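Following: one structure in structure tokens, then a few remarks.
All heavy atoms count here, side chains included; hydrogens, waters and symmetry mates do not. Model, not experiment: these values are computed from the prediction.
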Amino acid sequence: MGLGMVSAAFASLSSVAVIYPEIREPYRSIFLDIIRGIKNELKTPIKSYALEKNYSIEMLKEKLEKEEINVIIALGGRGLLIARELQSLFRVVVGAVLVAPDGTELTGLSLAPDPQIFFQRVKEFTPDVQRITVIYSQEHNGWLIKRAEQTIRQYELELNALPAKSLREAASLYRDVLNKLKSGTDAIWLLQDKTLDEQTILPLILQEAWERNLVVFSSNLSHLKRGVLFALYPDNENMGRSLAELALKQMQNSENIPLGIKPLHNLLVAFNIRTAEHLGLKLTSQMKREFGLIFPLQ
């Protein structure tokens, strides 16, 4: 039975609550887009709670119990804290937060883009690239690199993944790697990672890439304006749909066993046309229509 077929039945029997931080615009709209996706997938009214910074976990728990909530979808960093507090009492799904798997304790989607989507896009935009180099913190992104190693071979790409324990070690690795990369066949993947120094090393990477025609892509949208070829960023409404699907799976999970944290696959492409022209890349009209964001703005 498909998930869409069971959704109406479960939604009619169960109550879903979405918890998200009370926060100023434009960030508030991001959470509202996610909630719209959840509602559209569940096709039933849901309870939503926007929490101030000084929320009372006891009062929240009382409200959820009074409403006979079956599953909580907890969003953002504040939602993650709540999820850890309440997961022994409720079924919980976390989302809209950069979170790594921590054993088997949580169910949800990280904001970290799925590496497989990156590899698909690399083959599409730069088919001559053969090797991707990434420098990362084992503690924060080791799980993502493991996922990358499992999926990259199907794209006939090689992954050169280099762990670093500190900013200093990462800076040394970047300087060493940049000297060895080959134009046309090598690419650099920048993660949202504590080992990337945005003030000193990122400008060095981008300058070197510009001068030597190296491809750089990123998990961080803010890097697009700074010169990376493309970045992936969340498709918020569809992320909400995926979170709703996970919530439905949790409803079916009679023993409330955590389903684990997965990387995000609901993604849009942000593309830097200026960098593409500098690299001599040819883009089709179809490719351009699929971009969620183009820089410079047109």
Side-chain angles (χ1 to χ4, degrees), residues 3-4 6-7 10-11 16-21 23 27-42 46 48-49 51 70-87 90-121 140-148 150-151 191-193 218-221 231-253 256-270 292:
L3 193 56
V6 302
S7 62
F10 274 98
V16 176
V18 179
I19 297 172
Y20 65 103
I23 195 169
Y27 306 106
R28 185 170 184 271
S29 292
I30 292 173
F31 290 108
L32 297 182
D33 287 344
I34 296 170
I35 292 171
R36 185 183 307 114
I38 293 170
K39 288 179 177 176
N40 289 341
E41 182 65 23
L42 295 177
I46 62 173
S48 61
Y49 301 89
L51 296 188
N70 190 294
V71 179
I72 298 168
I73 300 177
L75 304 178
R78 208 170 296 165
L80 179 61
L81 293 175
I82 290 167
R84 295 192 192 284
E85 290 270 359
L86 299 181
Q87 63 180 332
F90 300 90
R91 288 173 168 77
V92 177
V93 172
V94 299
V97 63
L98 205 57
V99 58
D102 53 354
T104 57
E105 295 179 357
L106 291 169
T107 295
L109 295 175
S110 175
L111 274 181
D114 190 333
Q116 185 173 4
I117 311 297
F118 273 117
F119 304 149
Q120 288 174 353
R121 294 301 187 177
H140 291 96
N141 280 315
W143 70 287
L144 210 60
I145 296 303
K146 185 176 180 181
R147 161 83 177 163
Q150 291 169 343
T151 59
L191 292 172
Q192 298 184 64
D193 195 288
S218 178
S219 300
N220 190 333
L221 181 59
L232 298 180
Y233 66 103
D235 178 341
N236 293 319
E237 187 163 338
N238 279 322
M239 176 170 43
R241 288 181 177 276
S242 293
L243 289 169
E245 290 176 359
L246 271 179
L248 290 167
K249 285 183 180 178
Q250 280 294 71
M251 288 181 198
Q252 301 170 70
N253 181 359
N256 195 20
I257 298 171
L259 302 176
I261 297 293
K262 295 180 173 55
L264 188 64
H265 60 269
N266 306 109
L267 297 162
L268 297 171
V269 177

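A donor-acceptor contact shorter than 3.5 Å is absent between the side chain of Ser219 and the backbone of Leu191. Between the side chain of Ser110 and the main chain of Val99, a donor-acceptor pair closer than 3.5 Å is present. The main-chain N or O of Leu248 is found under 3.5 Å from a side-chain atom of Gln252 such that the two form a donor-acceptor pair. For Arg78 (side chain) and Pro21 (main-chain N/O), no donor-acceptor pair under 3.5 Å exists by modelled atom type.
Residues Pro263 and Asp114 approach most closely at CB-CA, 3.7 Å, considering heavy atoms. Taking both residues in full, the closest heavy atoms of Val93 and Gln250 are given as CG2-CG, 3.9 Å, listed atom of the first, atom of the second, then distance. Contact record, Arg91 with Asn253: NH2-O, 2.8 Å, taken as the closest heavy-atom pair. Closest heavy-atom contact between Ala96 and Ile34: CB-CD1, 3.7 Å. Across all their heavy atoms, Leu267 and Leu232 have their closest contact at CD1-CD1, 4.0 Å. In this structure, Leu106 and Ala83 approach most closely via the heavy-atom pair CD2-CB, 4.4 Å.
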Ile46 vs Ile73, side-chain contact (heavy atoms from CB on, under 4.5 Å): CA-CA, chis, key distance, verdict: CA-CA 10 Å; Ile46 62 173; Ile73 300 177; over 6 Å; no
Test log, rule side-chain contact (heavy atoms from CB on, under 4.5 Å), inputs Arg147 and Lys262: CA-CA 10 Å; Arg147 161 83 177 163; Lys262 295 180 173 55; over 6 Å; no
side-chain contact (heavy atoms from CB on, under 4.5 Å) assessment of Thr107 paired with Gln87: CA-CA 10 Å; Thr107 295; Gln87 63 180 332; over 6 Å; no
Ile82/Leu51 under side-chain contact (heavy atoms from CB on, under 4.5 Å): CA gap, chis, key distance, verdict: CA-CA 10 Å; Ile82 290 167; Leu51 296 188; 2.9 Å; yes
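Distance check: Ile38 CD1 to Glu237 CD gives 10.5 Å after rounding to the nearest 0.5 Å. Leu32 contributes atom CG, which lies 10.5 Å from atom CG of Leu75 (distance to the nearest 0.5 angstrom). To the nearest 0.5 Å, atom CG of residue Asp33 and atom CG of residue Asp235 are 9.0 Å apart. Atoms CZ and CD, from Arg121 and Gln116 in turn, are 12.5 Å apart once rounded to the nearest 0.5 Å. Annotation: the span from Leu81 atom CG to Leu86 atom CG amounts to 11.0 Å, rounded to 0.5 Å. Atoms NZ and CG, from Lys146 and Asn141 in turn, are 14.5 Å apart once rounded to the nearest 0.5 Å.
Inter-residue side-chain proximity for Glu41 and Leu243 is flagged as unmet; no heavy-atom pair is nearer than 4.5 Å. Between Leu111 and Met239 there is a side-chain heavy-atom pair separated by less than 4.5 Å.
Remark: Phe118 pairs with Trp189, Phe217 by the ring pair (Phe, Tyr, Trp, His ring centres under 6.0 Å) rule, at least two apart or across chains. Residues that satisfy the side chain to side chain contact (heavy atoms under 4.5 Å, CB included) test with Ser242, not counting sequence neighbours, are Leu109, His265, Asn266.
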